[in-house]
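First the structure, in the form of structure tokens, and then the observations on it.
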Amino acid sequence: MVKALFGKFNRSLDEKGRLLIPSKLLSSEDKVLYVLKGFDGCLSVYREEAFEKFLAELQAMDFRNEEQRAYIRLAASSVNEMKIDSHGRILLGRQTLEEYAIGQDVTIIGALDHFEIWDSTAFASYLIRHGTAFDRLGVPSKGNRS
């Protein structure tokens with residue numbers, strides 16, 4: 001089973017576009033991360049085991065279905081394999097940062113099977129738009145969340 005990733009972390013990119021990944025989101029065995037287009041303007045980042053599961057889900061989709069085909073194409077073409085350096089950083093690169101409008105200050109959030117990298121201002125806006133609806137969003141069908 002894939003280790004659940006959670007929490008929120010504020011970071012700044014260095015002058016080369018490198019991002020220090022919180023140690024809580026990595027294991028000592030991690031050598032690469034898979035970074036791809038996420039929802040709502042963020043980057044989704046998968047550790048190897050979770051990425052393999054994600055790929056299996058993509059491969060199970062019906063390529064003859066127009067919407068599924070579009071999702072497969074957009075997701076698969078956006079994947080970048082990024083090596084984790086000896087300091088626990090990945091190099092996002094200028095092209096990726098520009099494409100996803102990510103500035104120097106980022107917010108990293110755990111999203112269970114992956115984590116997300118957000119421009120900090122964009123994530124703050126997301127919280128303003130959706131934070132007040134928390135009580136109505138995705139309430140588990142069994143029991144309470146207490």
Side-chain angles (χ1 to χ4, degrees), residues 1-13 16-22 24-27 29-85 88-146:
M1 175 174 268
V2 176
K3 172 186 160 189
L5 305 175
F6 52 88
K8 180 173 85 168
F9 310 88
N10 295 311
R11 295 284 189 271
S12 292
L13 300 172
K16 294 181 181 178
R18 293 179 297 199
L19 175 63
L20 177 63
I21 304 300
K24 181 178 180 178
L25 301 177
L26 296 175
S27 77
E29 295 87 39
D30 290 328
K31 304 291 182 231
V32 297
L33 294 172
Y34 297 89
V35 180
L36 61 141
K37 180 179 184 63
F39 295 111
D40 305 309
C42 72
L43 291 169
S44 291
V45 184
Y46 289 85
R47 295 172 58 211
E48 193 158 6
E49 183 181 355
F51 185 68
E52 288 173 6
K53 183 178 177 192
F54 174 77
L55 282 180
E57 291 169 358
L58 281 183
Q59 291 169 337
M61 295 176 87
D62 183 359
F63 201 77
R64 293 169 294 197
N65 176 291
E66 183 178 0
E67 287 184 1
Q68 291 183 30
R69 183 172 59 247
Y71 182 79
I72 292 167
R73 286 177 175 156
L74 293 170
S77 67
S78 73
V79 175
N80 287 297
E81 183 178 316
M82 298 191 176
K83 292 185 178 170
I84 303 167
D85 72 13
R89 301 174 300 193
I90 58 173
L91 176 63
L92 290 173
R94 289 288 145 219
Q95 182 178 344
T96 299
L97 296 172
E98 289 173 10
E99 184 175 343
Y100 293 94
I102 295 175
Q104 183 173 356
D105 295 321
V106 299
T107 301
I108 301 170
I109 62 165
L112 302 181
D113 67 339
H114 68 287
F115 61 91
E116 297 176 339
I117 300 170
W118 288 78
D119 174 80
S120 288
T121 302
F123 187 68
S125 295
Y126 183 86
L127 288 178
I128 290 169
R129 284 192 316 274
H130 298 285
T132 58
F134 181 74
D135 291 345
R136 298 185 311 274
L137 296 173
V139 176
S141 59
K142 293 182 181 180
N144 294 350
R145 288 183 297 177
S146 40

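In this chain, residues are counted from 1 in sequence order.
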Give, for atom NZ of Lys31 and atom CD1 of Ile84, the distance between the pair rounded to the nearest 0.5 Å.
8.0 Å
Return the set of residues passing ring pair (Phe, Tyr, Trp, His ring centres under 6.0 Å) with Tyr46 (not counting sequence neighbours), or none when no residue passes.
Phe54, His114
Should Phe51 and Val32 count as side-chain neighbours, where that means a heavy-atom distance under 4.5 Å?
no
Side chains of Leu25 and Val45: closer than 4.5 Å at any heavy-atom pair?
no
Are any non-hydrogen side-chain atoms of Met61 and Glu57 less than 4.5 angstrom apart?
no
Only distances under 3.5 Å count here; give the side-chain donor-acceptor pairs of residues 99-112 to other protein atoms, sequence neighbours excluded, each with its distance to 0.1 Å.
| residue | atom | partner | partner atom | Å |
| --- | --- | --- | --- | --- |
| Gln104 | NE2 | Leu13 | O | 3.3 |
| Asp105 | OD1 | Ser12 | OG | 2.7 |
| Thr107 | OG1 | Asn10 | OD1 | 3.2 |
| Thr107 | OG1 | Ser120 | OG | 3.1 |

Rounded to the nearest 0.5 Å, what separates atom CD1 in Ile21 from atom CD1 in Ile117?
5.0 Å
Considering residues, nucleotides and ligands other than Phe6, do more than 12 of their heavy atoms fall under 6.0 Å from its CZ?
no
Residues passing the side chain to side chain donor-acceptor pair (under 3.5 Å) test with Glu29, sequence neighbours excluded, are Ser27
Can you tell me if Asn80 uses its side chain to pair, donor with acceptor, with the backbone of Met82 under 3.5 Å?
no
Who passes salt bridge (Lys or Arg N to Asp or Glu O under 4.0 Å) against Arg64, sequence neighbours left out?
Asp62
Output the distance between atom CZ (Phe9) and atom CG (Leu20), rounded to the nearest 0.5 Å.
11.0 Å
Which pair of non-hydrogen atoms, one from Ser44 and one from Gly38, has the smallest distance, and what is that distance?
OG-CA, 3.3 Å
If you compare all heavy atoms of Lys3 against all heavy atoms of Lys24, which two are closest, and at what distance to 0.1 Å?
NZ-O, 3.0 Å
What do you reckon, is CD of Glu66 surrounded by more than 12 foreign heavy atoms closer than 6.0 Å?
no
Angle class for the Tyr126/Phe123 ring planes (parallel below 30°, perpendicular above 60°, tilted otherwise)?
parallel
About how many Å separate CD of Glu48 and CD of Glu52, when rounded to the nearest 0.5 Å?
5.0 Å
Atom pair OG1/CG of Thr96 and Leu36 - distance to nearest 0.5 Å
11.0 Å
Between NE2 on residue His130 and CD1 on residue Ile128, distance to nearest 0.5 Å
11.0 Å
With sequence neighbours left out, write down each residue that passes salt bridge (Lys or Arg N to Asp or Glu O under 4.0 Å) with Arg18, or none if nothing qualifies.
Asp14
Residue set satisfying side chain to side chain contact (heavy atoms under 4.5 Å, CB included) with Ala70, at least two apart, ordered chain then number -> none
Holding to salt bridge (Lys or Arg N to Asp or Glu O under 4.0 Å), I want the full list of residues that pass it with Asp30, two or more places apart in sequence or in another chain.
Arg47
Exercise: identify the closest heavy-atom pair between Trp118 and Asp40
CZ3-O, 3.4 Å
For Asp85, the side chain to side chain donor-acceptor pair (under 3.5 Å) test, sequence neighbours excluded, returns Arg89
